[in-house]
Enquirer: 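Take this structure first; my questions come after.
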Number of protein chains: 2
Amino acid sequence: MAPTRRGRATYHHGDLPAALVRATLEIIDEVGVRGFSVAEAARRTCVSPGAPYRHFADRDALLAAAALEVSRRLRAIYLETVAEVGSAQERLATVAGSFVRAAARYRGGLDILFAPGLRAAHPELQESSREFVALLLPSAFEVIAPGEGAEAAVALLDALNALARGYVAQLLEGKFGDPEEVAEDVATRATRAARVLVAGYGLPSGPADG
Amino acid sequence: MAPTRRGRATYHHGDLPAALVRATLEIIDEVGVRGFSVAEAARRTCVSPGAPYRHFADRDALLAAAALEVSRRLRAIYLETVAEVGSAQERLATVAGSFVRAAARYRGGLDILFAPGLRAAHPELQESSREFVALLLPSAFEVIAPGEGAEAAVALLDALNALARGYVAQLLEGKFGDPEEVAEDVATRATRAARVLVAGYGLPSGPADG
DNA sequence: CATTCAATGTATGAGCCTCTCACATCAATC
DNA sequence: GATTGATGTGAGAGGCTCATACATTGAATG
(Lines give C-alpha, C1' and ligand atoms only; values in the text may rest on other atoms or scores of the structure.)
Protein backbone atom coordinates (compact mmCIF):
# COMPACT_ATOMS: atom_id res chain seq x y z
CA MET A 1 0.00 0.00 0.00
CA ALA A 2 3.00 2.27 -0.15
CA PRO A 3 2.21 5.21 -2.40
CA THR A 4 5.46 4.75 -4.25
CA ARG A 5 7.18 1.90 -6.01
CA ARG A 6 9.46 -0.54 -4.23
CA GLY A 7 12.82 0.81 -3.27
CA ARG A 8 11.04 4.00 -2.41
CA ALA A 9 11.68 7.37 -4.04
CA THR A 10 10.00 9.56 -1.46
CA TYR A 11 11.36 10.58 1.88
CA HIS A 12 8.41 9.16 3.73
CA HIS A 13 7.70 5.52 3.35
CA GLY A 14 3.94 5.34 3.34
CA ASP A 15 3.39 2.50 5.75
CA LEU A 16 6.60 1.68 7.47
CA PRO A 17 5.14 -0.28 10.39
CA ALA A 18 3.40 -2.77 8.13
CA ALA A 19 6.43 -3.03 5.88
CA LEU A 20 8.64 -3.72 8.88
CA VAL A 21 6.33 -6.43 10.12
CA ARG A 22 6.41 -8.05 6.69
CA ALA A 23 10.19 -7.85 6.59
CA THR A 24 10.37 -9.32 10.09
CA LEU A 25 8.26 -12.31 9.11
CA GLU A 26 10.39 -12.79 6.01
CA ILE A 27 13.62 -12.74 7.98
CA ILE A 28 12.36 -15.09 10.64
CA ASP A 29 11.18 -17.46 7.98
CA GLU A 30 14.62 -17.49 6.40
CA VAL A 31 17.01 -17.46 9.32
CA GLY A 32 14.93 -17.93 12.45
CA VAL A 33 14.37 -15.64 15.40
CA ARG A 34 17.99 -15.79 16.41
CA GLY A 35 19.01 -14.39 13.05
CA PHE A 36 16.55 -11.54 13.18
CA SER A 37 17.67 -8.00 13.92
CA VAL A 38 15.92 -4.67 13.75
CA ALA A 39 18.81 -3.41 11.64
CA GLU A 40 18.24 -6.14 9.08
CA ALA A 41 14.52 -5.42 8.94
CA ALA A 42 15.33 -1.76 8.34
CA ARG A 43 17.77 -2.69 5.61
CA ARG A 44 15.21 -4.78 3.77
CA THR A 45 12.75 -1.96 4.00
CA CYS A 46 15.31 0.48 2.57
CA VAL A 47 15.21 2.67 5.61
CA SER A 48 17.81 3.86 8.09
CA PRO A 49 18.61 1.66 11.09
CA GLY A 50 16.97 4.11 13.46
CA ALA A 51 13.70 4.50 11.63
CA PRO A 52 11.96 1.45 13.10
CA TYR A 53 12.26 2.97 16.55
CA ARG A 54 9.83 5.68 15.52
CA HIS A 55 7.14 3.02 15.42
CA PHE A 56 8.27 0.30 17.80
CA ALA A 57 9.59 0.92 21.28
CA ASP A 58 12.23 -1.76 20.98
CA ARG A 59 13.21 -4.93 19.25
CA ASP A 60 10.72 -7.01 21.18
CA ALA A 61 7.88 -4.68 20.30
CA LEU A 62 8.51 -5.29 16.62
CA LEU A 63 8.68 -9.01 17.19
CA ALA A 64 5.45 -8.87 19.15
CA ALA A 65 3.72 -7.01 16.32
CA ALA A 66 4.90 -9.68 13.91
CA ALA A 67 3.66 -12.39 16.25
CA LEU A 68 0.29 -10.67 16.40
CA GLU A 69 0.11 -10.77 12.63
CA VAL A 70 0.86 -14.49 12.75
CA SER A 71 -1.94 -15.06 15.22
CA ARG A 72 -4.29 -13.19 12.90
CA ARG A 73 -3.38 -15.45 10.02
CA LEU A 74 -3.80 -18.52 12.16
CA ARG A 75 -7.28 -17.48 13.12
CA ALA A 76 -8.16 -17.02 9.47
CA ILE A 77 -6.92 -20.51 8.73
CA TYR A 78 -8.94 -21.85 11.61
CA LEU A 79 -12.14 -20.20 10.44
CA GLU A 80 -11.76 -21.70 7.01
CA THR A 81 -10.74 -25.14 8.15
CA VAL A 82 -13.07 -25.91 10.99
CA ALA A 83 -16.21 -24.09 9.97
CA GLU A 84 -17.50 -27.06 8.07
CA VAL A 85 -16.92 -29.69 10.73
CA GLY A 86 -20.23 -30.96 12.01
CA SER A 87 -20.08 -32.19 15.58
CA ALA A 88 -18.69 -30.16 18.43
CA GLN A 89 -16.56 -33.13 19.46
CA GLU A 90 -14.89 -33.39 16.12
CA ARG A 91 -14.57 -29.63 15.84
CA LEU A 92 -12.53 -29.50 19.02
CA ALA A 93 -10.43 -32.50 18.14
CA THR A 94 -9.76 -31.14 14.66
CA VAL A 95 -8.38 -27.87 15.94
CA ALA A 96 -5.35 -29.52 17.49
CA GLY A 97 -4.50 -31.22 14.24
CA SER A 98 -4.97 -28.24 11.98
CA PHE A 99 -2.89 -26.25 14.41
CA VAL A 100 -0.04 -28.67 13.95
CA ARG A 101 -0.46 -28.49 10.19
CA ALA A 102 -0.35 -24.71 10.27
CA ALA A 103 2.78 -24.86 12.40
CA ALA A 104 4.59 -26.81 9.71
CA ARG A 105 3.77 -24.16 7.15
CA TYR A 106 4.34 -21.07 9.28
CA ARG A 107 7.39 -22.53 10.96
CA GLY A 108 9.21 -19.37 11.93
CA GLY A 109 6.01 -17.54 12.71
CA LEU A 110 5.02 -19.99 15.39
CA ASP A 111 8.40 -19.66 17.02
CA ILE A 112 7.75 -16.03 17.83
CA LEU A 113 4.09 -16.55 18.55
CA PHE A 114 5.09 -18.84 21.38
CA ALA A 115 8.35 -17.24 22.45
CA PRO A 116 8.08 -17.31 26.24
CA GLY A 117 9.67 -13.93 26.89
CA LEU A 118 7.55 -12.16 24.32
CA ARG A 119 4.27 -13.53 25.57
CA ALA A 120 5.10 -12.71 29.15
CA ALA A 121 5.99 -9.12 28.27
CA HIS A 122 3.29 -8.42 25.71
CA PRO A 123 -0.15 -9.24 27.05
CA GLU A 124 -1.78 -8.35 23.75
CA LEU A 125 -0.31 -11.58 22.41
CA GLN A 126 -1.92 -13.65 25.09
CA GLU A 127 -5.09 -11.66 24.59
CA SER A 128 -5.19 -12.66 20.95
CA SER A 129 -4.78 -16.32 21.87
CA ARG A 130 -7.53 -15.96 24.40
CA GLU A 131 -9.88 -14.55 21.82
CA PHE A 132 -9.02 -17.42 19.59
CA VAL A 133 -9.81 -19.88 22.33
CA ALA A 134 -13.08 -18.09 22.99
CA LEU A 135 -14.21 -19.05 19.52
CA LEU A 136 -14.16 -22.62 20.73
CA LEU A 137 -15.99 -22.06 23.96
CA PRO A 138 -19.47 -22.86 22.61
CA SER A 139 -18.22 -26.17 21.28
CA ALA A 140 -16.63 -26.92 24.60
CA PHE A 141 -19.93 -26.30 26.37
CA GLU A 142 -21.71 -28.71 24.08
CA VAL A 143 -19.15 -31.35 24.78
CA ILE A 144 -18.68 -31.38 28.52
CA ALA A 145 -20.76 -33.60 30.73
CA PRO A 146 -24.18 -32.11 31.39
CA GLY A 147 -24.35 -30.44 34.76
CA GLU A 148 -20.76 -29.28 34.65
CA GLY A 149 -20.11 -25.58 34.99
CA ALA A 150 -18.14 -23.15 32.90
CA GLU A 151 -14.88 -24.15 34.57
CA ALA A 152 -15.16 -27.59 33.04
CA ALA A 153 -15.43 -26.11 29.56
CA VAL A 154 -12.50 -23.80 30.17
CA ALA A 155 -10.48 -26.63 31.66
CA LEU A 156 -11.06 -28.70 28.56
CA LEU A 157 -9.95 -25.86 26.32
CA ASP A 158 -6.84 -25.29 28.42
CA ALA A 159 -5.99 -28.95 28.14
CA LEU A 160 -6.50 -28.94 24.38
CA ASN A 161 -4.45 -25.79 24.10
CA ALA A 162 -1.63 -27.33 26.11
CA LEU A 163 -1.76 -30.51 24.08
CA ALA A 164 -1.66 -28.72 20.73
CA ARG A 165 1.17 -26.43 21.74
CA GLY A 166 3.16 -29.33 23.06
CA TYR A 167 2.83 -31.21 19.78
CA VAL A 168 3.73 -28.07 17.84
CA ALA A 169 6.83 -27.56 19.97
CA GLN A 170 7.99 -31.12 19.43
CA LEU A 171 7.27 -30.89 15.73
CA LEU A 172 9.18 -27.65 15.29
CA GLU A 173 12.24 -28.80 17.16
CA GLY A 174 12.43 -31.74 14.80
CA LYS A 175 11.79 -34.46 17.36
CA PHE A 176 9.87 -36.55 14.85
CA GLY A 177 12.06 -35.73 11.86
CA ASP A 178 11.80 -33.11 9.18
CA PRO A 179 8.78 -31.00 10.11
CA GLU A 180 7.54 -30.71 6.53
CA GLU A 181 7.53 -34.44 6.07
CA VAL A 182 6.06 -35.61 9.34
CA ALA A 183 3.57 -32.78 9.75
CA GLU A 184 0.61 -34.75 8.51
CA ASP A 185 1.45 -37.73 10.65
CA VAL A 186 1.92 -35.66 13.77
CA ALA A 187 -1.29 -33.80 13.02
CA THR A 188 -3.31 -37.00 13.03
CA ARG A 189 -1.66 -38.09 16.24
CA ALA A 190 -2.49 -34.77 17.83
CA THR A 191 -6.07 -35.06 16.66
CA ARG A 192 -6.26 -38.54 18.11
CA ALA A 193 -4.97 -37.39 21.49
CA ALA A 194 -7.35 -34.44 21.41
CA ARG A 195 -10.22 -36.82 20.78
CA VAL A 196 -9.27 -38.74 23.89
CA LEU A 197 -9.33 -35.56 25.94
CA VAL A 198 -12.67 -34.49 24.54
CA ALA A 199 -14.19 -37.88 25.24
CA GLY A 200 -12.77 -37.95 28.76
CA TYR A 201 -14.05 -34.53 29.71
CA GLY A 202 -17.45 -35.52 28.38
CA LEU A 203 -17.90 -38.38 30.83
CA PRO A 204 -20.29 -37.66 33.71
CA SER A 205 -18.06 -37.94 36.75
CA GLY A 206 -15.00 -37.55 34.67
CA PRO A 207 -12.04 -35.47 35.57
CA ALA A 208 -14.09 -32.82 37.29
CA ASP A 209 -13.19 -34.14 40.71
CA GLY A 210 -9.75 -35.21 41.72
CA MET B 1 35.67 -28.16 42.99
CA ALA B 2 38.03 -25.44 41.88
CA PRO B 3 41.36 -26.02 43.56
CA THR B 4 41.43 -22.44 44.77
CA ARG B 5 39.12 -20.19 46.71
CA ARG B 6 36.44 -18.08 45.09
CA GLY B 7 37.70 -15.09 43.19
CA ARG B 8 40.52 -17.26 42.05
CA ALA B 9 44.19 -16.58 42.73
CA THR B 10 45.69 -18.90 40.15
CA TYR B 11 45.96 -18.30 36.45
CA HIS B 12 44.01 -21.40 35.60
CA HIS B 13 40.56 -21.73 36.93
CA GLY B 14 40.23 -25.39 37.74
CA ASP B 15 36.86 -26.15 36.24
CA LEU B 16 35.79 -23.26 34.12
CA PRO B 17 33.12 -25.08 32.09
CA ALA B 18 31.17 -26.10 35.17
CA ALA B 19 31.58 -22.68 36.73
CA LEU B 20 30.29 -21.03 33.56
CA VAL B 21 27.26 -23.29 33.49
CA ARG B 22 26.51 -22.41 37.11
CA ALA B 23 26.88 -18.70 36.35
CA THR B 24 24.65 -19.09 33.32
CA LEU B 25 21.88 -20.68 35.36
CA GLU B 26 22.21 -17.94 37.96
CA ILE B 27 21.94 -15.18 35.39
CA ILE B 28 18.99 -16.74 33.63
CA ASP B 29 17.25 -17.14 36.94
CA GLU B 30 17.73 -13.46 37.70
CA VAL B 31 17.17 -11.73 34.39
CA GLY B 32 15.90 -14.35 31.97
CA VAL B 33 17.40 -15.70 28.79
CA ARG B 34 17.17 -12.38 27.03
CA GLY B 35 19.33 -10.78 29.70
CA PHE B 36 21.97 -13.46 29.51
CA SER B 37 25.30 -12.84 27.82
CA VAL B 38 28.49 -14.82 27.62
CA ALA B 39 30.34 -11.70 28.73
CA GLU B 40 28.30 -11.50 31.90
CA ALA B 41 28.86 -15.17 32.65
CA ALA B 42 32.58 -14.61 32.22
CA ARG B 43 32.45 -11.60 34.51
CA ARG B 44 30.73 -13.55 37.27
CA THR B 45 33.31 -16.26 36.95
CA CYS B 46 36.12 -13.71 37.22
CA VAL B 47 37.51 -14.61 33.86
CA SER B 48 38.24 -12.66 30.71
CA PRO B 49 35.44 -12.25 28.13
CA GLY B 50 37.18 -14.52 25.68
CA ALA B 51 37.84 -17.41 28.04
CA PRO B 52 34.44 -19.13 27.69
CA TYR B 53 35.12 -19.63 24.01
CA ARG B 54 37.89 -22.07 24.90
CA HIS B 55 35.21 -24.43 26.13
CA PHE B 56 32.05 -23.52 24.26
CA ALA B 57 31.89 -22.95 20.54
CA ASP B 58 29.46 -20.08 20.88
CA ARG B 59 26.81 -18.52 23.03
CA ASP B 60 24.25 -21.16 22.18
CA ALA B 61 26.62 -23.96 23.09
CA LEU B 62 26.94 -22.56 26.60
CA LEU B 63 23.18 -22.19 26.85
CA ALA B 64 22.74 -25.75 25.64
CA ALA B 65 25.16 -27.02 28.28
CA ALA B 66 23.19 -25.15 30.93
CA ALA B 67 19.95 -26.61 29.58
CA LEU B 68 21.46 -30.06 29.80
CA GLU B 69 22.26 -29.44 33.45
CA VAL B 70 18.64 -28.43 34.00
CA SER B 71 17.41 -31.62 32.41
CA ARG B 72 19.70 -33.60 34.70
CA ARG B 73 18.22 -31.90 37.74
CA LEU B 74 14.71 -32.50 36.49
CA ARG B 75 15.37 -36.18 36.14
CA ALA B 76 16.67 -36.29 39.68
CA ILE B 77 13.50 -34.62 40.90
CA TYR B 78 11.43 -37.08 38.94
CA LEU B 79 13.21 -40.08 40.37
CA GLU B 80 12.60 -38.87 43.91
CA THR B 81 9.02 -37.81 43.37
CA VAL B 82 7.52 -40.59 41.37
CA ALA B 83 9.40 -43.61 42.62
CA GLU B 84 6.93 -44.20 45.39
CA VAL B 85 3.76 -43.93 43.35
CA GLY B 86 2.11 -47.33 43.16
CA SER B 87 0.07 -47.82 40.03
CA ALA B 88 1.43 -47.26 36.56
CA GLN B 89 -1.61 -45.15 35.75
CA GLU B 90 -1.02 -42.77 38.60
CA ARG B 91 2.69 -42.75 37.97
CA LEU B 92 2.15 -41.46 34.46
CA ALA B 93 -0.48 -38.98 35.47
CA THR B 94 1.66 -37.67 38.30
CA VAL B 95 4.59 -36.89 36.05
CA ALA B 96 2.73 -34.14 34.26
CA GLY B 97 1.84 -32.45 37.52
CA SER B 98 5.26 -32.68 39.11
CA PHE B 99 6.70 -31.36 35.89
CA VAL B 100 4.56 -28.27 36.20
CA ARG B 101 5.59 -27.87 39.82
CA ALA B 102 9.26 -28.13 38.89
CA ALA B 103 8.72 -25.52 36.20
CA ALA B 104 7.50 -23.02 38.75
CA ARG B 105 10.66 -23.51 40.80
CA TYR B 106 13.17 -23.69 37.98
CA ARG B 107 11.47 -20.97 36.00
CA GLY B 108 14.41 -19.70 33.99
CA GLY B 109 15.86 -23.14 33.57
CA LEU B 110 12.82 -24.44 31.79
CA ASP B 111 12.89 -21.50 29.42
CA ILE B 112 16.20 -22.63 27.99
CA LEU B 113 15.40 -26.32 28.25
CA PHE B 114 12.55 -25.73 25.84
CA ALA B 115 13.94 -22.92 23.74
CA PRO B 116 12.98 -23.99 20.22
CA GLY B 117 16.15 -22.83 18.50
CA LEU B 118 18.43 -24.51 21.02
CA ARG B 119 16.70 -27.85 20.87
CA ALA B 120 16.67 -27.86 17.11
CA ALA B 121 20.39 -27.08 16.96
CA HIS B 122 21.58 -29.26 19.83
CA PRO B 123 20.34 -32.81 19.50
CA GLU B 124 21.93 -33.81 22.79
CA LEU B 125 19.18 -31.82 24.46
CA GLN B 126 16.47 -33.80 22.75
CA GLU B 127 18.41 -36.93 23.49
CA SER B 128 18.29 -36.17 27.20
CA SER B 129 14.53 -35.66 27.02
CA ARG B 130 14.20 -38.91 25.18
CA GLU B 131 16.10 -40.76 27.86
CA PHE B 132 13.86 -39.21 30.41
CA VAL B 133 10.81 -40.36 28.54
CA ALA B 134 12.29 -43.82 28.25
CA LEU B 135 12.14 -44.10 32.02
CA LEU B 136 8.38 -44.01 31.68
CA LEU B 137 8.10 -46.53 28.91
CA PRO B 138 7.52 -49.54 31.16
CA SER B 139 4.66 -47.75 32.87
CA ALA B 140 3.21 -46.86 29.51
CA PHE B 141 3.29 -50.51 28.47
CA GLU B 142 1.44 -51.54 31.57
CA VAL B 143 -1.21 -48.98 30.90
CA ILE B 144 -2.10 -49.32 27.25
CA ALA B 145 -4.82 -51.65 26.14
CA PRO B 146 -3.65 -55.25 25.96
CA GLY B 147 -2.82 -56.25 22.43
CA GLU B 148 -1.53 -52.85 21.45
CA GLY B 149 2.01 -52.61 20.20
CA ALA B 150 4.91 -50.42 21.20
CA GLU B 151 3.65 -47.54 19.07
CA ALA B 152 0.66 -47.19 21.34
CA ALA B 153 2.88 -46.83 24.38
CA VAL B 154 5.09 -44.31 22.64
CA ALA B 155 2.07 -42.42 21.37
CA LEU B 156 0.75 -42.14 24.89
CA LEU B 157 4.07 -40.82 26.15
CA ASP B 158 4.24 -38.30 23.32
CA ALA B 159 0.78 -37.10 24.18
CA LEU B 160 1.64 -36.78 27.87
CA ASN B 161 4.84 -35.00 26.97
CA ALA B 162 2.97 -32.56 24.76
CA LEU B 163 0.35 -31.97 27.40
CA ALA B 164 2.86 -31.30 30.17
CA ARG B 165 4.96 -28.97 28.05
CA GLY B 166 1.90 -27.06 26.98
CA TYR B 167 0.82 -26.51 30.56
CA VAL B 168 4.34 -25.49 31.51
CA ALA B 169 4.46 -22.97 28.67
CA GLN B 170 1.16 -21.43 29.69
CA LEU B 171 2.20 -21.34 33.31
CA LEU B 172 5.53 -19.66 32.59
CA GLU B 173 4.08 -17.00 30.36
CA GLY B 174 1.78 -16.05 33.19
CA LYS B 175 -1.48 -16.99 31.51
CA PHE B 176 -2.98 -18.13 34.78
CA GLY B 177 -1.42 -15.42 36.93
CA ASP B 178 1.74 -15.32 38.96
CA PRO B 179 3.47 -18.65 38.30
CA GLU B 180 4.54 -19.10 41.91
CA GLU B 181 1.02 -18.70 43.18
CA VAL B 182 -0.93 -20.74 40.68
CA ALA B 183 1.65 -23.49 40.24
CA GLU B 184 -0.08 -25.94 42.54
CA ASP B 185 -3.46 -25.32 40.97
CA VAL B 186 -2.14 -25.72 37.44
CA ALA B 187 -0.25 -28.84 38.50
CA THR B 188 -3.44 -30.53 39.66
CA ARG B 189 -5.19 -29.53 36.46
CA ALA B 190 -2.36 -30.96 34.41
CA THR B 191 -2.49 -34.16 36.42
CA ARG B 192 -6.22 -34.37 35.85
CA ALA B 193 -5.84 -33.94 32.10
CA ALA B 194 -3.03 -36.49 32.08
CA ARG B 195 -5.30 -38.95 33.87
CA VAL B 196 -7.85 -38.53 31.11
CA LEU B 197 -5.24 -39.31 28.49
CA VAL B 198 -3.98 -42.35 30.35
CA ALA B 199 -7.49 -43.68 30.76
CA GLY B 200 -8.32 -43.07 27.13
CA TYR B 201 -5.26 -44.81 25.78
CA GLY B 202 -6.03 -47.75 28.03
CA LEU B 203 -9.40 -48.50 26.44
CA PRO B 204 -9.43 -51.51 24.10
CA SER B 205 -10.36 -49.99 20.77
CA GLY B 206 -9.35 -46.60 21.94
CA PRO B 207 -7.43 -44.09 19.93
CA ALA B 208 -5.34 -46.66 18.16
CA ASP B 209 -7.40 -46.41 15.01
CA GLY B 210 -8.51 -43.15 13.57
C1' DC C 1 -0.07 30.48 -1.81
C1' DA C 2 3.10 30.89 2.04
C1' DT C 3 3.77 29.30 6.61
C1' DT C 4 3.93 26.41 10.29
C1' DC C 5 3.84 22.06 12.70
C1' DA C 6 3.78 17.35 13.83
C1' DA C 7 5.12 13.16 12.06
C1' DT C 8 8.50 10.57 9.97
C1' DG C 9 13.09 9.42 8.39
C1' DT C 10 18.47 10.33 8.76
C1' DA C 11 22.98 10.70 10.81
C1' DT C 12 25.83 9.97 14.33
C1' DG C 13 27.46 7.80 18.13
C1' DA C 14 27.78 5.56 22.84
C1' DG C 15 27.83 1.24 24.88
C1' DC C 16 27.44 -3.56 24.78
C1' DC C 17 28.03 -8.04 22.79
C1' DT C 18 30.01 -12.00 20.10
C1' DC C 19 33.80 -14.09 18.53
C1' DT C 20 38.92 -14.07 16.79
C1' DC C 21 43.84 -14.02 17.19
C1' DA C 22 48.31 -13.47 18.96
C1' DC C 23 50.46 -13.99 23.24
C1' DA C 24 51.09 -15.29 28.39
C1' DT C 25 50.96 -18.78 31.81
C1' DC C 26 50.84 -23.10 33.77
C1' DA C 27 50.90 -28.50 34.49
C1' DA C 28 52.48 -32.53 33.03
C1' DT C 29 55.70 -35.28 30.69
C1' DC C 30 60.05 -36.88 29.27
C1' DG D 1 64.74 -28.76 33.67
C1' DA D 2 62.97 -28.20 28.93
C1' DT D 3 59.07 -28.92 26.07
C1' DT D 4 54.45 -28.90 24.90
C1' DG D 5 49.53 -28.64 24.87
C1' DA D 6 45.78 -26.78 27.30
C1' DT D 7 43.86 -22.78 29.29
C1' DG D 8 43.40 -17.85 30.20
C1' DT D 9 44.47 -12.70 28.72
C1' DG D 10 44.31 -8.51 25.97
C1' DA D 11 43.12 -6.11 22.25
C1' DG D 12 40.12 -5.46 18.68
C1' DA D 13 36.94 -6.01 14.46
C1' DG D 14 32.35 -5.87 13.33
C1' DG D 15 27.54 -5.85 14.49
C1' DC D 16 23.57 -4.60 17.13
C1' DT D 17 20.34 -1.73 20.08
C1' DC D 18 18.83 2.39 21.16
C1' DA D 19 19.19 7.75 22.12
C1' DT D 20 19.64 12.29 20.39
C1' DA D 21 19.91 16.07 17.31
C1' DC D 22 18.73 17.29 12.77
C1' DA D 23 16.40 17.06 7.94
C1' DT D 24 12.35 16.43 5.17
C1' DT D 25 7.74 16.46 4.09
C1' DG D 26 2.45 16.49 3.83
C1' DA D 27 -1.38 18.77 5.78
C1' DA D 28 -3.64 22.31 8.09
C1' DT D 29 -4.05 27.22 8.55
C1' DG D 30 -4.25 31.89 7.48
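Labels below follow one simple rule: chain letters A, B, ... track the order of the sequence lines, proteins then strands, and each chain is numbered from 1. Excluded from the calculations below are hydrogen atoms, water molecules and symmetry mates; all remaining heavy atoms, backbone and side chain alike, are included.
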Enquirer: Sequence neighbours left out, what passes ring pair (Phe, Tyr, Trp, His ring centres under 6.0 Å) with B:Y78? Give chain and number order.
Expert: B:F132
Enquirer: Heavy atoms of chain B, cut-off under 4.0 Å: which first and last nucleotide of DNA chain C, 5' to 3', fall inside that, if you could look?
Expert: C:dC17 to C:dC26
Enquirer: Need one value for A:S37: base, sugar-phosphate or nothing, where a base atom within 4.0 Å counts as base even if backbone is also close, heavy atoms only.
Expert: sugar-phosphate
Enquirer: Atom CG of A:L20 to atom C1' of D:dT17: distance rounded to whole Å?
Expert: 15 Å
Enquirer: Please examine the side chains of A:P49 and A:V38, heavy atoms only from C-beta on, and report whether any two atoms are closer than 4.5 Å.
Expert: no
Enquirer: Residues two or more places apart in sequence or in another chain: which of them pass side chain to side chain contact (heavy atoms under 4.5 Å, CB included) with A:E90?
Expert: A:V85, A:S87, A:A93, A:T94, A:R195
Enquirer: CZ of A:F56 versus P of D:dT17: gap in Å, rounded?
Expert: 14 Å
Enquirer: Pairs under 3.5 angstrom, nitrogen or oxygen only, protein versus nucleotides 18-20 of chain D, please.
Expert:
from, atom 1, to, atom 2, distance (Å)
D:dC18, OP2, A:Y53, OH, 3.2
D:dC18, OP2, A:R59, N, 2.8

Enquirer: Does any donor atom in the side chain of A:S129 or A:R119 lie under 3.5 Å from an acceptor atom in the other side chain?
Expert: yes
Enquirer: Who are the side chain to side chain contact (heavy atoms under 4.5 Å, CB included) partners of A:R101, not counting sequence neighbours?
Expert: A:S98, A:E184, A:A187
Enquirer: Using a heavy-atom cut-off of 4.0 Å across all strands, would you classify A:A51 as base, sugar-phosphate, or nothing?
Expert: base
Enquirer: So, does B:R59 use its side chain to make a donor-acceptor pair with the main chain of B:F36 at under 3.5 Å?
Expert: yes
Enquirer: Nearest 0.5 Å, what's the CD-CG distance between B:E148 and B:L156?
Expert: 11.0 Å
Enquirer: By side chain to side chain contact (heavy atoms under 4.5 Å, CB included), which residues pair with B:A39, not counting sequence neighbours?
Expert: B:S37, B:R43
